[in-house]
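In what follows, a single structure is set out as structure tokens and then discussed.
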Amino acid sequence: MSIKIDSGNFVSDNQKRCGFVAVLGETNAGKSTLVNKLVGQKVSIVSRKVQTTLSRILGIAISGNSQIILIDTPGFVSDHKSSSRGESADRASVLEKTAWDAFRETDDILFVVDVHKKDFEKSIALLQKIDESKKISLVLNKVDLIIKEKLLEIASEFSKIRDFENIFMISSLNGDGVKDIEKYLAKIVPEGEWLFPEDEVTDSSFEKFTSEITREHLYHRIHQEIPYRCRVVTENYRNESDGSVRIAQNIFVKSNAHKMILLGHKGSKIRAVGSASRRELSELLGREVHLFLNVVVEKR
Ligand SMILES: Nc1nc2c(ncn2[C@@H]2O[C@H](COP(=O)(O)OP(=O)(O)OP(=O)(O)O)[C@@H](O)[C@H]2O)c(=O)[nH]1
Ligand SMILES: [Mg+2]
């Protein structure tokens, strides 16, 4: 181990660092996409719909000697109304509470803004709610969708609101600028032992992770109809002797009508969801997956 002298203190070259960073922002800003990019693999599901992330999800990134524990949070819909049918204000506030709770666990925050949005009123209102004592970096995301001049205007608009540790201009989708965030976070997390084993990328259980993948495919395939009424639960899984894994999941819906929509003509829709989810699970788990989906009408 080599030791170097830095500002009068002895600092080990391979001193481990570890810290928590909350990722906050409006719904659909691209928080989960960014977390996945930083981790280097999917830990949090992504969709075009609002309020995709439903609970706090940890994504664990490693950069050099630093372990960066990213807290992906449900996005904020500040007016407490969702664009989807039948969404209640209650659900929005539960999600928002989850996000605030996550944020209290940490000092460093990435505040993600979708620069492609028409106006930033909601983002600004949210930003103003965050304690002045918190360190925040502004992440202007989706730069692939707008011209540079507009981007600089947005940066200056946000800079009037508060001081940021850093302003990043990135595209989480294609990865532009994400490395700069990684380098920055690796430097600012405090010295300390890693809290998770080196090969761990999330604290999600196998059951939670695999059901989230199916939920994502439901979101993608069943657009307007029912997704918010669906809950996916991995009931059980079994490692088979040939190296494959057998996963059984229940999809809970609120009514028989929803069940029919989900099944589709002669079960075509659910089969499409199942095979897309199975393919992705096989890829993510690196082995063959047998996936069994069962649609259940949830009793009140
Ligand atoms: N063009 C473009 N699209 C992006 C970028 N980042 C994310 N997206 C898209 O934006 C949508 C929302 O992304 P998510 O990562 O689910 O957003 P989120 O902030 O986690 O959303 P919630 O979980 O609902 O709060 C998805 O369709 C992403 O593919 C980007 O840099 N460029
Ligand atoms: Mg999300």
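The residues of the chain are indexed from 1 along the displayed sequence. Whatever order the structure lists ligands and atoms in, that order sets their numbers, starting from 1.
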Practice item. Please step through salt bridge (charged side-chain N to carboxylate O under 4.0 Å, His left out) for the pair E26 and K117, ending with a clear verdict. Key: CA-CA 11 Å; E26 255 192 275; K117 284 207 93 168; 2.9 Å; yes
**Study point:** Stepwise side-chain hydrogen bond (donor to acceptor under 3.5 Å, both in side chains) check, D144 with S171
**Key:** CA-CA 6 Å; D144 52 299; S171 167; 3.0 Å; yes
Check your understanding: Under 4.5 Å between any side-chain heavy atoms of S172 and N141, yes or no?
Key -> yes
Check your understanding: With a 4.0 Å cut-off on heavy atoms, does G25 reach ligand 1?
Key -> no
Study note, to complete from the structure: of all protein heavy atoms, closest to atom 27 (O) of ligand 1 is R48 CG, 3.4 Å
Review point. What residue and heavy atom of the protein are closest to atom 16 (O) of ligand 1, and at what distance?
Key: S47 N, 3.2 Å
Exercise for review: Using a strict cut-off of less than 4.0 Å between a Lys/Arg side-chain nitrogen and an Asp/Glu carboxylate oxygen, indicate whether K16 and E191 qualify as a salt bridge.
Suggested key: no
Exercise for review: Only one of D114, T33, N28 passes side chain to side chain donor-acceptor pair (under 3.5 Å) with K142; say which it is.
Suggested key: D114
Review point. Taking distance alone, with no angle check, do G75 and ligand 1 share an N/O pair under 3.5 Å?
Key: yes
Point to revise | For F206, all residues meeting ring-ring contact (aromatic ring centres under 6.0 Å, His included), sequence neighbours excluded | key: Y237
Exercise for review: Please indicate whether any nitrogen or oxygen in S172 is less than 3.5 Å from any nitrogen or oxygen in ligand 1.
Suggested key: yes
Check your understanding: Can you find a side-chain donor-acceptor pair between T214 and Q249 that sits under 3.5 Å?
Key -> yes
**Study point:** Protein N, O or S atoms lying under 2.8 Å from the Mg ion (ligand 2), listed by chain and number
**Key:** S32 OG, T53 OG1
Study note, to complete from the structure: Checking heavy atoms under 4.0 Å, the part of L145 that sits near ligand 1 is side chain
Review point. Looking at E240 and R238, does any basic side-chain N land under 4.0 Å from a carboxylate oxygen?
Key: yes
**Study point:** Backbone or side-chain N or O of P74 under 3.5 Å from ligand 1 N or O
**Key:** no
Exercise for review: Could you name the option among T33, I45, N141 that has the heavy atom nearest to atom 13 (O) of ligand 1?
Suggested key: T33
Exercise for review: Please say which of E182, K187, R17, K183 ends up in a side chain to side chain donor-acceptor pair (under 3.5 Å) with S63.
Suggested key: E182
Review point. Looking only at distance, does T73 have an N or O less than 3.5 Å from an N or O of ligand 1?
Key: no
Check your understanding: Does the S268 side chain pair with the main chain of G264, one donor and one acceptor, at a distance under 3.5 Å?
Key -> no
**Study point:** Closest protein heavy atom (residue, atom, distance) for atom 19 (O) of ligand 1
**Key:** K31 NZ, 2.6 Å
Practice item. Could you say whether the N/O atoms of L173 and ligand 1 ever approach to under 3.5 Å? Key: yes
Point to revise | Protein heavy-atom partner closest to atom 1 (N) of ligand 1 - residue, atom, separation in Å | key: D144 OD2, 2.8 Å
Exercise for review: For residues S123 and V113, report the shortest heavy-atom separation together with the two atoms involved.
Suggested key: OG-CG2, 4.1 Å
Revision key, fill the gap. min-distance protein heavy atom vs atom 8 (N) of ligand 1 -> K142 CE, 3.7 Å
Point to revise | Shortest protein contact, atom 17 (O) of ligand 1 (heavy atom only) | key: G30 N, 3.1 Å
Review point. Between the side chains of R246 and N239, does any donor sit under 3.5 Å from an acceptor?
Key: no
Exercise for review: If you have a sec, work out which protein heavy atom is nearest atom 21 (O) of ligand 1 and how many Å separate them, to one decimal?
Suggested key: N28 N, 3.0 Å
**Study point:** Closest protein heavy atom (residue, atom, distance) for atom 28 (C) of ligand 1
**Key:** V46 CG1, 3.7 Å
Study note, to complete from the structure: Those residues at least two apart in sequence (or on a different chain) that pass ring-ring contact (aromatic ring centres under 6.0 Å, His included) with F164 are none
Review point. For F158, what residues pass the ring-ring contact (aromatic ring centres under 6.0 Å, His included) criterion, not counting sequence neighbours?
Key: F120
